[in-house]
Amino acid sequence: MIKKRLKARLDECFTKGVSQGLWSADSAGTYAVEEPKQAAHGDFATNMAMVIGGREKKNPREIAGLLAGLMADHTDLVGKVEIAGPGFVNFFIKPEVWHSVLPEVCGQNEKYGLSEIGAGCKVLVEFVSANPTGPLSIGHGRQAVLGDAIARLLAATGHQVTREYYYNDAGRQMRVLGESTRARYLELLGLKHDFPEDGYQGEYIREIAAKLVKEQGDALKDLEEITPFKEAAEQAIFADIDATLNRLEIKFDNYFNEHTLYDAGLIDEVVAALRAKGLVYDRDDAVWFKTTEYGQEQDRVIIKSSGEPTYRLPDIAYHREKFKRGFDWMVDIFGADHIATVPDVMAGLMALGYDPAKVTVVLHQFVTLMREGKQVKMSTRKANFVTIDELVDEVGVDVVRFFFLMRKADSHLEFDLDLATQQSQENPVYYMQYGHARLASINRKAAEKGVARGSLADVPLHRLIEAEELHLLKSLAAWPELVESAALNLEPHGVIFFMQDLAAQFHSYYNKHRIISDDLELSRARLWLAEGIRIILRNGLNLIGVNAPETM
RNA sequence: GCGCCCGUAGCUCAGCUGGAUAGAGCAACGGACUUCUAAUCCGUAGGCCACAGGUUCGAAUCCUGUCGGGCGCACCA
C-alpha cells in the first residue's frame, strides 16, 4: 500500500521529468519499485535512472540525481533519498508513514487485503473433475486444495468466481465400474461371477455391493443390464467424494456433466464448425482434427472409427461452452499427466475463433508421500492405494491444506507424514497458528490486567520506534499487494511464505520486547500493532482455508 | 526421438516479469523459561544457484546447448 503510493509519486516525477526535457517518455512503464534486500539500501528503491540511462545512453547516476531532485517535493512520504551503486535511487520512508498503516489495517479488519482489481471479471475455475470411479487420491487432493485456494484468492481480489467440477459418468471407465460392482455383488451372494480383467479392485466396491445385497437381496442376480450396478456405484462414490471435499471445506458452484454436451448436440456442432473451416477430415473410418495446422507434430483423432468421440472433442466443446457462458477468464487446474490434452483444446478453441489466452492452465506436479524417510508406494488399483480421506484421518484438515499449498504447483510435492503428524516445533502449520494463538492470548492478558487498547485515534503510535516494529508495519503494509500478486499469478504458496515470514518476525519481536509493560502509552501502541499482526495472520489463514485458533 | 516441468545449503524448498553481500524451515552444534503461551527465541556452521557458452552496466533469474530427475507423446481420460 505504501509501495503503491510511492510508485504513484515516482510516476509523477517521471512525467515531470519528461515535460522538463530531462528524459523522453520512452521509458514509461519500464522501471520498477522494489524492496532492497539490504536495510541499508532503504525501504524501497527504483531502477528508473538505470533504465533511462540504458535506453538513452546517458549516465545513470546523473539521471538519478535529477530524479532525486524531483522527489524533493514528496517529503511527506519520503524522509531521505539516496543515490547508490550503478544508479539506484533509494528511498527511506518516514516512520509516521509506517505508523499510518495501522489505522487502515485495524479499521478494515476482515476486509484488509481484499481488493477490487478483478471487479467485473467473470472467472471460471475448473478443478478436481475426477470421474466417479473411486475415492479421491492424494493427487486429486492436491488439486482440490490448490483449486480451492486459487478460487479464494480470486474472489478476494474482486473476481466473480464460479467453481466447477467437470465429470463424465458414461463411457468405458464407468462400464468397467458397473461390471466390477456386479461381480462383487454376485460374489457376495456366492454365485458364479467373472471379475473384469481391468476392474476396480478397491475395497470400496465390495462395500457398495454389500449395500446392494442388503437393500435388494438377490433381486439383481439375473440382470443382464449393468446400469443399476453402475448407478449404485456412481451414487455411492460421488457421495463419498462429496463428503471428502466437505471435510476439506471445498464447495463447488456447479457440476458439469459431459453428457449434457451430447444431449444438446454441442459435440456435433463443434465437428460441423471445424469441418466447415476445412480443419477436419475422415481417414480409416475415423474423424481427424488437423492439429498440425496449430504447430503439432501430427493430426489427432476426434471421433474413433467406432463412432465414439475421443476425450479431445468433448473437452473442446466444453471449453467452447465456457466461452459462450460469458467467462472472461478460464482457469483449469490439471495434474501433470494431462499436459498432452492442453495443446489440443487450445488448438480447438483457436480454430473456433476463441482467444486461447483467456484460458490459463495450472499444471501441478505429483505428490510423493514419505514415511520414515521412505516413499510410500501408491498404486491406483491395488491394495496400497492411499486416499485423501485416509490422509485427512491421519493428519487433519489444516495440515493437509497447508502442506498441499506450501509448494508452487510446478514443484513436485514431497509430503512428509512424519513431519505432518508432529504436533510440535518442526511442523510449519503450527508455527503460524501458534503465532495467532499467542496474539489472542496477549489480548486476553491485557484485558485481565485492565490494560485497554483504547481508541486508535488516541494511541501514541509514534512510540513504535524499534526497528522490529517498523519492519512489522512495513510487512502489514505489503499484505494487499501480496494478495493481489498471489491471485493474479495463481500462486497460493506466496501467501504461505509471506505469513511464515510475518509469524517469524512476530515471534522474534515477542521474545525481544514486552508488549504489556508499566508504560501504559507504549503498551497501548504495541497492543494495536499486535492486533494488526493478528488481523493479517487470521485473514491469511482464512484465505488458504486453515483455522486461526484462539488457543493452542 | 519429440514436448512440458524440475535441478539453489546434508534434506525439503523460496527467490526466477534481470538489480546491490543468494534466503527460510528441518537436520547438526551451543545458548535463553520466577515476567504477555518455550508449539517460541538467540547464536554457530553449512553455497562454483547442475554444467558450458551467450545477451548487458548487471544473470540464480533471459537465450542456446549438454547432463541428470519427473510426466506425457492412443482410434484411454
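Just so it is clear: chains get the letters A, B, ... in the order the sequence lines come, proteins before strands, and each one is counted from 1.
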Say we look at [N] and [M]: how far apart would their [atom1] atoms be, to the nearest angstrom?
{"N": "B:rA50", "M": "B:rU12", "atom1": "P", "value": "15 Å"}
{"N": "B:rA32", "M": "B:rC51", "atom1": "P", "value": "41 Å"}
{"N": "B:rG47", "M": "B:rG10", "atom1": "C1'", "value": "12 Å"}
{"N": "B:rA24", "M": "B:rG43", "atom1": "P", "value": "10 Å"}
{"N": "B:rG65", "M": "B:rC4", "atom1": "P", "value": "11 Å"}
{"N": "B:rA59", "M": "B:rA22", "atom1": "C1'", "value": "12 Å"}
{"N": "B:rC62", "M": "B:rG18", "atom1": "P", "value": "9 Å"}
{"N": "B:rU56", "M": "B:rC2", "atom1": "C1'", "value": "33 Å"}

Let me know the distance between [atom1] of [X] and [atom2] of [N], rounded to the nearest Å.
{"X": "A:Phe334", "N": "B:rG3", "atom1": "CZ", "atom2": "P", "result": "22 Å"}
{"X": "A:His412", "N": "B:rG72", "atom1": "NE2", "atom2": "C1'", "result": "12 Å"}
{"X": "A:Met48", "N": "B:rG58", "atom1": "CE", "atom2": "C1'", "result": "19 Å"}
{"X": "A:Phe366", "N": "B:rC6", "atom1": "CZ", "atom2": "P", "result": "15 Å"}

query = Counting just side-chain N and O atoms, does A:His338 come under 4.0 Å of either OP1 or OP2 of B:rC71?
reply =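 For A:His338, the contact criterion (side-chain N or O under 4.0 Å from OP1 or OP2 of B:rC71) is not met.
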
request  = Examine B:rC75: is either OP1 or OP2 under 4.0 Å from a nitrogen or oxygen in the side chain of A:Arg283? Give yes or no.
outcome  =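 So the side-chain polar atoms of A:Arg283 never come under 4.0 Å of the phosphate oxygens OP1 or OP2 of B:rC75.
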
Pair [X] + [Y], salt bridge at N-O below 4.0 Å:
{"X": "A:Arg371", "Y": "A:Asp416", "value": "no"}
{"X": "A:Arg275", "Y": "A:Asp282", "value": "yes"}
{"X": "A:Lys322", "Y": "A:Asp332", "value": "yes"}
{"X": "A:Glu484", "Y": "A:Lys4", "value": "yes"}
{"X": "A:Lys512", "Y": "A:Glu468", "value": "yes"}

What's [X] touching, base or sugar-phosphate or nothing? Going by heavy atoms closer than 4.0 Å.
{"X": "A:Asp410", "result": "sugar-phosphate"}
{"X": "A:Ala340", "result": "sugar-phosphate"}
{"X": "A:Thr310", "result": "sugar-phosphate"}
{"X": "A:Ala32", "result": "nothing"}
{"X": "A:Lys512", "result": "nothing"}
{"X": "A:Ala336", "result": "sugar-phosphate"}
{"X": "A:Lys304", "result": "base"}
{"X": "A:Ser517", "result": "nothing"}
{"X": "A:Glu414", "result": "sugar-phosphate"}

query = Among pairs that include at least one residue of residues 302-313 of chain A, which meet side chain to side chain donor-acceptor pair (under 3.5 Å), considering only residues two or more places apart or in two chains?
reply =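 Qualifying pairs: A:Arg312-A:Asp344.
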
Any-strand Watson-Crick or G-U partner of [N], both distances under 3.5 Å:
{"N": "B:rA14", "result": "none"}
{"N": "B:rG1", "result": "B:rC73"}
{"N": "B:rG43", "result": "B:rC29"}
{"N": "B:rA22", "result": "none"}
{"N": "B:rC51", "result": "B:rG65"}
{"N": "B:rC36", "result": "none"}

With distance as the sole criterion, do the side chain of [X] and the base of [N] form a donor-acceptor contact below 3.5 Å?
{"X": "A:Asp501", "N": "B:rA14", "result": "no"}
{"X": "A:Tyr430", "N": "B:rA39", "result": "no"}
{"X": "A:Ser306", "N": "B:rC75", "result": "no"}

ask   = Is A:His41 stacked on the base of B:rA20, meaning ring centres closer than 5.5 Å and planes within 30 degrees of each other?
value =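 Stack criterion met.
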
ask   = Ring-on-base stacking between A:Phe88 and B:rA20, under 5.5 Å between centres and under 30° between planes: is it there?
value =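 Here A:Phe88 meets both the 5.5 Å and the 30° conditions.
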
B:rC71 glycosidic torsion: syn (within 90° of 0) vs anti =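 Anti conformation for B:rC71.
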
inquiry  = The test is salt bridge (Lys or Arg N to Asp or Glu O under 4.0 Å); show your working for A:Glu179 and A:Lys230 and say whether it passes.
reply    = CA-CA 8 Å; A:Glu179 284 163 2; A:Lys230 197 185 86 175; over 6 Å; no

key: Pairwise distance CG(A:Asn168) to CG(A:Asn257) - rounded to 0.5 angstrom   =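 Answer for the CG-CG pair, A:Asn168 versus A:Asn257, is 6.5 Å.
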
